[in-house]
Amino acid sequence: MSFFPDEVIIEVLARLPIKPLFKTKTVCKLWYGLPSDKYFIKLYNQVSDKNPMVLVEVHDSTKPTSSLICVDNSRGASEFSLDFLRDKVNIRASCNGLLCCSSIAVKGVYYVCNPMTREFKVLPKIKDQNLTRFYPDSEATLVGLACDPSRGKFDVVLAGYQCAGSSHRPDKTFACLIFDSDSNKWRKFVSFQEENFTHMNRNQVVYVNSALHWLTGSGSYILVLDLNFEVWRKVSVPDETRYGMGNRVYLLESDGCLSLIEISDTRMKIWVMKDYERELWHMADRVSLGCIKGLVHGIFPIAQTGECIFLATHKQVLVYHRTSRAWKEMYSVQNNATLPLWFSAHAFRISIFPCA
């Protein structure tokens with residue numbers, strides 16, 4: 001290896017999966033320190049940004065616990081576990097290689113973890129239980145994770161309608177709790193909203209431009225939480241989108257930009273917000289769905305880049321390559337799945353972002 005400059009070796013190591021990378025730490029002193037070196041972490045995460053993945057939870061009726069499958073465009077499907085949390089959890093949000101999970105057994109317990117490095121942090125319990133009396137079952141309607149590798153920090157957002165007084169009926173008070181990893185504390189602010197969100201809307205939270213974005217249940221606009229100023233605002237969807245009458249709309253991220261996917265019976269339109277300040281949308285692609293005609297009504301977009309888009313059906317994960325316009329099956333469930341794959345699918349990418 002002495003024939004190669006250190007810069008070349010570092011570029012090669014930045015393209016390794018996490019497990020082989022950590023095994024190379026025993027080679028020499030330079031390699032040992034790379035996973036904790038700020039320059040290398042930035043380089044590794046930049047390389048990983050170009051390789052999106054899909055994380056799906058497979059519920060098998062013959063097994064007591066579900067399994068997690070990571071579907072990679074270049075390496076296929078691989079199984080991994082969150083057993084290091086030592087708790088049964090639901091994945092609520094994914095951002096830049098980190099996951100936000102909620103405990104199933106104990107309400108109000110949240111974890112932020114890096115499933116590749118197996119590091120995790122248990123978020124401090126919210127002392128005032130009245131703050132977490134969300135409608136209808138004390139679970140936050142919206143859960144967002146904002147991981148900013150450039151600043152080395154993350155925020156977790158819990159937001160939802162609070163129960164009115166001692167009743168279990170919602171009022172219009174939309175409470176928002178924000179956890180800051182720098183201060184290790186929660187803070188709260190209250191606003192008034194009148195929005196509904198579908199299951200997929202809640203799952204597909206997008207973090208771009210220091211803000212979290214959710215598509216509303218009506219599909220008429222995007223609800224945005226600006227984390228710099230802690231205010232809610234609304235962003236319009238493209239005027240040409242037609243939600244309803246057989247059309248479905250989904251919110252994704254694409255190479256650091258907001259993206260809207262519109263699916264009809266025959267076609268998929270991909271919109272990208274190229275100018276965030278002026279809220280200008282650009283139609284990036286129109287895709288014929290004739291090749292997967294029998295799957296159209298049960299297909300959901302999960303993750304994308306400018307080169308490809310991942311979609312999940314009841315039992316399959318497909319990838320569409322935009323340059324070659326070719327479809328490929330990346331994963332298929334072989335067991336008695338009780339829930340469709342899209343029900344608990346999240347966009348994911350590998351990172352060595354520390355969260356402990």
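Computed from a predicted structure; not experimentally measured.
Salt-bridge check for K185 with D180: failed, with every basic side-chain N at 4.0 Å or more from each acidic carboxylate O. A salt bridge links E253 and R349; the closest N-O separation between the charged side-chain nitrogens and carboxylate oxygens is under 4.0 Å. A salt bridge does not link D83 with K88: none of the charged nitrogens is closer than 4.0 Å to a carboxylate oxygen. Checked for salt-bridge contact, D285 and K269 miss the test: no charged N lies under 4.0 Å from a carboxylate O.
For the side-chain contact (heavy atoms from CB on, under 4.5 Å) with W31, the lone residue among T24, I10, L21 that qualifies is T24.
Side-chain atoms of I350 and M53, non-hydrogen and from C-beta on, do get closer than 4.5 Å to each other.
A ring-centre distance under 6.0 Å is found for H213 and Y276.
Under the 6.0 Å distance and 45° angle rule, R248 counts as a cation-pi partner of F300.
Ring orientation note: the planes of Y161 and F174 are nearly perpendicular, at an angle over 60° on the 30°/60° scale. Ring planes of F80 and F348: parallel class, angle under 30° (limits at 30 and 60°). The aromatic rings of F343 and H199 sit parallel, their planes meeting at an angle under 30°, below the 60° perpendicular limit.
Side chain of N209 to backbone of A211: no donor-acceptor contact under 3.5 angstrom is found. No side-chain donor-acceptor contact under 3.5 Å links S102 to the backbone of Y110.
Looking at every heavy atom in both residues, F197 comes nearest to L215 through CD2-O, 3.6 Å.
The side-chain hydrogen bond (donor to acceptor under 3.5 Å, both in side chains) test applied to S218 returns T216, S220, not counting sequence neighbours. In terms of the side-chain hydrogen bond (donor to acceptor under 3.5 Å, both in side chains) criterion, residue partners of S259 (sequence neighbours excluded) are, by chain and number, Q304.
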>> If you apply the rule side chain to side chain contact (heavy atoms under 4.5 Å, CB included), what do you find for L311 with I302, and how did you get there?
In response: CA-CA 5 Å; L311 304 100; I302 306 298; 5.9 Å; no
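Side-chain contact check for T198 and N201: at least one donor-acceptor pair (N or O, by modelled atom type) lies under 3.5 Å.
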